[in-house]
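Here's the structure, in structure tokens; my notes come after.
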There are 2 protein chains.
Amino acid sequence: MPFGGCDGPLSSARWGCAPRVRVAIRTTTDSEKGSMGRPRIKDVAQYAGVSAKTVSNVLNDYEHVSERTRTAVREAIDTLGYRVNIAGRQLRRGRTGMIALAVPDLDVAYFAELARHVMAETERRGSTTLLVETGGRREKELAALHGFDAQFTDGVILSPLALEPADLADRDTRLPLVLLGECNLPGSADHVAIDNVTAAREATGHLLARGRRRIAVIGGDLRGSRNTSRLRTVGHQEALAAAGVALRQELVLPVPAFRWADGAAAARTLMRLPERPDAMLCLNDHLALGAVRALHEDGWSVPGDLDVTGFDDIEATRYSIPTITTVAPDKRGIARRAVELLLDRIDADGPGGPAVDETAGHRLIVRESSGG
Amino acid sequence: MPFGGCDGPLSSARWGCAPRVRVAIRTTTDSEKGSMGRPRIKDVAQYAGVSAKTVSNVLNDYEHVSERTRTAVREAIDTLGYRVNIAGRQLRRGRTGMIALAVPDLDVAYFAELARHVMAETERRGSTTLLVETGGRREKELAALHGFDAQFTDGVILSPLALEPADLADRDTRLPLVLLGECNLPGSADHVAIDNVTAAREATGHLLARGRRRIAVIGGDLRGSRNTSRLRTVGHQEALAAAGVALRQELVLPVPAFRWADGAAAARTLMRLPERPDAMLCLNDHLALGAVRALHEDGWSVPGDLDVTGFDDIEATRYSIPTITTVAPDKRGIARRAVELLLDRIDADGPGGPAVDETAGHRLIVRESSGG
DNA sequence: CCATACGATTACATCGATGTAAATGGCGGT
DNA sequence: ACCGCCATTTACATCGATGTAATCGTATGG
């Protein structure tokens, strides 16, 4: 049943979603232990003069319930202020109706936006999303992978940062899992991501087309464990190669995290090089915003002196000064597909088919920071 | 028990938090229905040669369990890959160990940051946070108020926008509730917020001290239902009055939402007035960032032509161009206190004491957008 | 008027973990 | 040897909802 919704399509049609609240009137003389005196299905049954199972049938829109009974039960529910106890239902059904979404960091707007889409999609499909932050720490990602040491959720959508291939190899495959973003973990679980190599190639291509030749990559890294960095750096280098532009190793600069401060620090480092860059391909928007700010403080003009581009198309890039050229992933599509894949696996209730690898769309949005 | 943690202090000390995963080996010949063949407490008991209750005792760190037994049970748990079934525990205990945090919009960075703090705090205290977006819609806020039509959570922390006093009056008081932010709903539930009137007075005072006299309020509203707007507008007017500056009604401009686009639109509206403002007190940072952007596009300089200030101190205000003067609420303190109040109510397991009204700290951070 | 069918309803067992109270067993004291 | 004490362990009932299968009752066909 939908969390935050009502109990079943019929009842939700009948009552709407704003519950009328009346303090429950316990008519039974049962002891008041248990759930703080909340009425149980049995109380409703007694009040309505039917069996508990009939109440259950009404709740679950079982078809063979007479209109009279249905009405009586609903009145009882309404009067007593009854709500189903999820624990009981879940125990019986073996499903929680909840999935977990584990992302590294909600402060990173991309993940907040993605989370909204995932929550909207799961709600639409009658499930509930439990949002968890991993901080990009491996231990937390592992916990997510395994359902958090408790059978809390029916499945997990995980956007990993620190996870290693071996971690996925010996995971408990009974828990449905969908991975988001970049993983070098083929075949082990369903996976949804944009084509990062192509996206980075396009962004670099755009900068090259504007005549930039010394393009730095903030967040770039070919050897690190962060796959986003690797794939996007590869795309960058492919574009350089295709244009016959030499790669300068010193312009590819890894960062500890993908946040404003890291972008600002990286930009300053790069501008101290003997041969300064004339563009900065930042691997996410926060890095780009941080870089732009640092450049501004040091008296450089964007896009006058340098071009800057980002990734993710967070809302801030449309209002910053200058606005930021960025690669916009189809967040809605990613969320929708991820939820779809996960719920399908859950419904399949078994190993299901082989792992699916899906590519979501993206597009380059040129804005002021690279002359748009 | 902590979600995302381990089972109880002892076991978590014993095993650490990164679960070693082995595919469970079911030694019993029980039918494989139920939770997808996961081992139950009974299976562990059988494997370890003890009763189910003893396993439960080990799980819950009951003191009178011999070391031998404890070890045997733990080995069994480890071998079988057992995890407690929350549904069963919850049904028996009548608690879920989860609380809900309902905020209007995760895209609004303040709420994302607040959510992180709340999640960190609940995790520290052994609970789990279920994060829900209300979109500021009354029906969703009501749902949160009532525990989402299902006994999903032990309590709710709600940051309301659209809620009306009457909604709180007849709520089901069995569900512990803490309100965040501004509410004109005294006494009905615990409540944590900063002193908005004072904060706004300080911000306006700062602008007045800089010689600004025509100070617009973006998001301001004395009659609307949004309490944040009302209280901050009151503070603004108090400051004007104290300084003997006349209030211009046309400079107080309500907005439909507190996002970049609304700030941008409002700024444009204000600059079309016959007598233009010389400062804009924006009631959150997104409005301020949007206003700054719009002013920039139309050729106005901040802080040259106008000062702009915000509220909330989201991270973006430290990296925007210009950086934004803002009122920084003690988010950490708000989160900590809210969680504390809620968990106390939950532990009290009854009506508890009268509703508490707590004021969190805040401070004005002067940055470039008002000459800092 | 009886047999049949089927819609409506119900009794009962069950999901997994844990509180209660009672049983078990070892040990020291008399 | 008997008793009582206490640490340890266990049997059993229970939390609330629902699947199963059985029952009840009424309409229909022969």
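Note that the structure is predicted; figures quoted are calculated from it, not measured. Letters A, B, ... mirror the listed sequences (proteins, then strands); counts begin at 1. All heavy atoms count here, side chains included; hydrogens, waters and symmetry mates do not.
The pair A:R38-A:D43 fails the salt-bridge criterion, with no side-chain N (NZ, NE, NH1 or NH2) lying under 4.0 Å from an Asp/Glu carboxylate O. Using a 4.0 Å cut-off between charged nitrogen and carboxylate oxygen, B:R138 and B:E141 do not count as a salt-bridge pair.
A heavy-atom distance below 4.5 Å is not found between the side chains of B:V356 and B:H191. With a 4.5 Å cut-off on side-chain heavy atoms, B:L180 and B:L158 do not count as touching. Counting heavy atoms from C-beta on, the side chains of A:T128 and A:T122 never come closer than 4.5 Å. Inter-residue side-chain proximity for A:L101 and A:V132 is flagged as unmet; no heavy-atom pair is nearer than 4.5 Å.
If you find the closest nucleotide of DNA chain D to A:N57 and to B:N57, the one lying nearer the 5' end belongs to B:N57.
Distance, B:K42 NZ to D:dT10 C1': 15 Å, rounded to whole Å. In this structure, the CZ atom of A:R92 is 12 Å from the C1' atom of D:dG16, given to the nearest Å. A:Q90 has its CD atom 12 Å from the P atom of C:dG16, to the nearest Å. Following rounding to the nearest Å, B:L91 (CG) and C:dT14 (P) show an atom-to-atom distance of 16 Å. Distance CZ (A:F152) to P (C:dA17): 14 Å, rounded to an integer number of Å. Between the P atom of C:dT14 and the CG atom of B:N85 lies a distance of 18 Å, rounded to the nearest Å. One atom, CZ of A:R70, and another, C1' of C:dG7, lie 13 Å apart when rounded to the nearest Å. Per the geometry, CD1 belonging to B:I77 stands 16 Å off P belonging to C:dG16, to the nearest Å.
The side chain of A:N60 contributes an N or O atom lying less than 4.0 Å from OP1 or OP2 of D:dT18. For the pair B:R40 and C:dG16, the criterion of a side-chain N or O lying under 4.0 Å from OP1 or OP2 is met. For the pair B:R93 and C:dT18, the criterion of a side-chain N or O lying under 4.0 Å from OP1 or OP2 is met. Regarding contacts with the backbone of C:dT18, a side-chain N or O of B:R89 is found under 4.0 angstrom from either OP1 or OP2.
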Pairwise N/O distances under 3.5 Å, protein to nucleotides 21-23 of chain C:
none

Distances for protein N or O near nucleotides 4-8 of chain D N or O, under 3.5 Å:
from  : atom 1 : to    : atom 2 : distance (Å)
D:dT8 : OP2    : B:H64 : ND1    : 3.2

Stepwise, does the salt bridge (Lys or Arg N to Asp or Glu O under 4.0 Å) test hold for A:R337 with A:E340?
CA-CA 5 Å; A:R337 198 63 192 119; A:E340 205 161 40; 2.7 Å; yes
Residue pair A:T96, A:T153: steps toward the side-chain hydrogen bond (donor to acceptor under 3.5 Å, both in side chains) verdict:
CA-CA 6 Å; A:T96 68; A:T153 57; over 6 Å; no
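Residue B:Y82 places its side chain closer to C:dA17 than to any other of C:dA17, C:dT9, C:dT14. Nearest to the side chain of A:I41, among C:dC15, C:dA17, D:dA17, sits D:dA17. Each of D:dA11, C:dA11, D:dA17 was ranked by its minimum atom distance to the side chain of B:S51; first place goes to D:dA11.
In this structure, the ring of A:F148 has its center no less than 6.0 angstrom from the ring center of A:H146.
The main-chain N or O of B:G353 is found under 3.5 Å from a side-chain atom of B:R345 such that the two form a donor-acceptor pair.
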